[in-house]
Amino acid sequence: MGSFFSTLLNPGAAAAAEEEGSAVVAVHSKESWNEHWTAHKNTNKLLVIDFSATWCGPCRFIEPTFKALAAKFTEASFVKIDVDELSICLLIEIHEVDQEVSQQWKVQAMPTFVLVKGGKEVARIVGAKEAELQGKVAQFIA
């Protein structure tokens, strides 16, 4: 239980421990997301966003595939957003939030993978569909 509260107060530490050695960037705050989005929205570099939740079985099932794709396709940027964790972080921050990231991207189920190039969505995969995810990433890297 103590580690849960520590994660709430210092989500970056949990991200570093969780994603150590991975090419996947874990986003744990609205500010972190905004910085990442600003850096990528005007580039032609593929951005693959994984909207997931820790309680989601299919999310846990496809996580190794997502990490393997990030290691294989280093010319793309892979981002993981835990929709529940980001919501909690937004609630404990003391400022007005215009819209949660998952709402901004119209995420209705998990996992949802959104592929973005040049600031525009180019593909969306809903569900733990490994072959489809691999195919879309390969398609938009080219």
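- Of all heavy-atom pairs between L46 and V137, the closest is CD2-O, 3.9 Å.
- Looking at T112, its side chain does come within 3.5 Å of a backbone N or O of A109 through a donor-acceptor pair.
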Check against side chain to side chain contact (heavy atoms under 4.5 Å, CB included), E130 and F61: CA-CA 10 Å; E130 290 180 322; F61 169 78; 4.1 Å; yes
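- The shortest distance between side-chain heavy atoms of K80 and V27 does not fall below 4.5 Å.
- When every heavy atom of F51 is checked against every heavy atom of M110, the shortest pair comes out as O-CG, 3.5 Å.
- V114 and V126 are assigned to two separate hydrophobic clusters, defined by single-linkage of ILVMFWY side chains at heavy-atom distances under 4.5 Å.
- Residue L47 is tested with H36, E121, K41, K117 for a side chain to side chain contact (heavy atoms under 4.5 Å, CB included); the sole match is H36.
- Of all the heavy atoms in A23 and A71, the pair that sits closest is CB-N, 4.2 Å.
- Within 6.0 Å of atom NZ in K72, 12 or fewer heavy atoms from other residues, nucleotides or ligands are found, so the atom counts as exposed in its surroundings.
- Listed by chain and residue number, L115, K136, F140 satisfy the side-chain contact (heavy atoms from CB on, under 4.5 Å) test with A123 (two or more places apart in sequence, or in another chain).
- In this structure, K67 NZ and E63 CD are separated by 4.5 Å, a value rounded to the nearest 0.5 Å.
- At least one side-chain heavy atom of H40 sits under 4.5 Å from a side-chain heavy atom of S77.
- Distance check, rounded to the nearest 0.5 Å: CD1 of I81 to OG of S52 gives 9.0 Å.
- Partner L69 forms a side chain to side chain contact (heavy atoms under 4.5 Å, CB included) with one of L133, V24, V48 and no other, that one being L133.
- Linking ILVMFWY residues whenever their side-chain heavy atoms come closer than 4.5 Å, directly or via other members, places I125 and I141 in the same cluster.
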Criterion side chain to side chain contact (heavy atoms under 4.5 Å, CB included) on T54 and D84, from CA distance to verdict: CA-CA 8 Å; T54 55; D84 292 329; 5.6 Å; no
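- Note on F73: it clusters hydrophobically with V122, by side-chain heavy-atom contacts below 4.5 Å among ILVMFWY residues.
- Contact check for W33 versus I49: side-chain heavy atoms found under the 4.5 Å cut-off.
- Between D50 and P111 there is a side-chain heavy-atom pair separated by less than 4.5 Å.
- Under the 30°/60° scheme for interplanar angles, the aromatic rings of F66 and F78 are found to stand perpendicular.
- Interatomic distance, C59 SG to F113 CZ, rounded to the nearest 0.5 Å: 7.0 Å.
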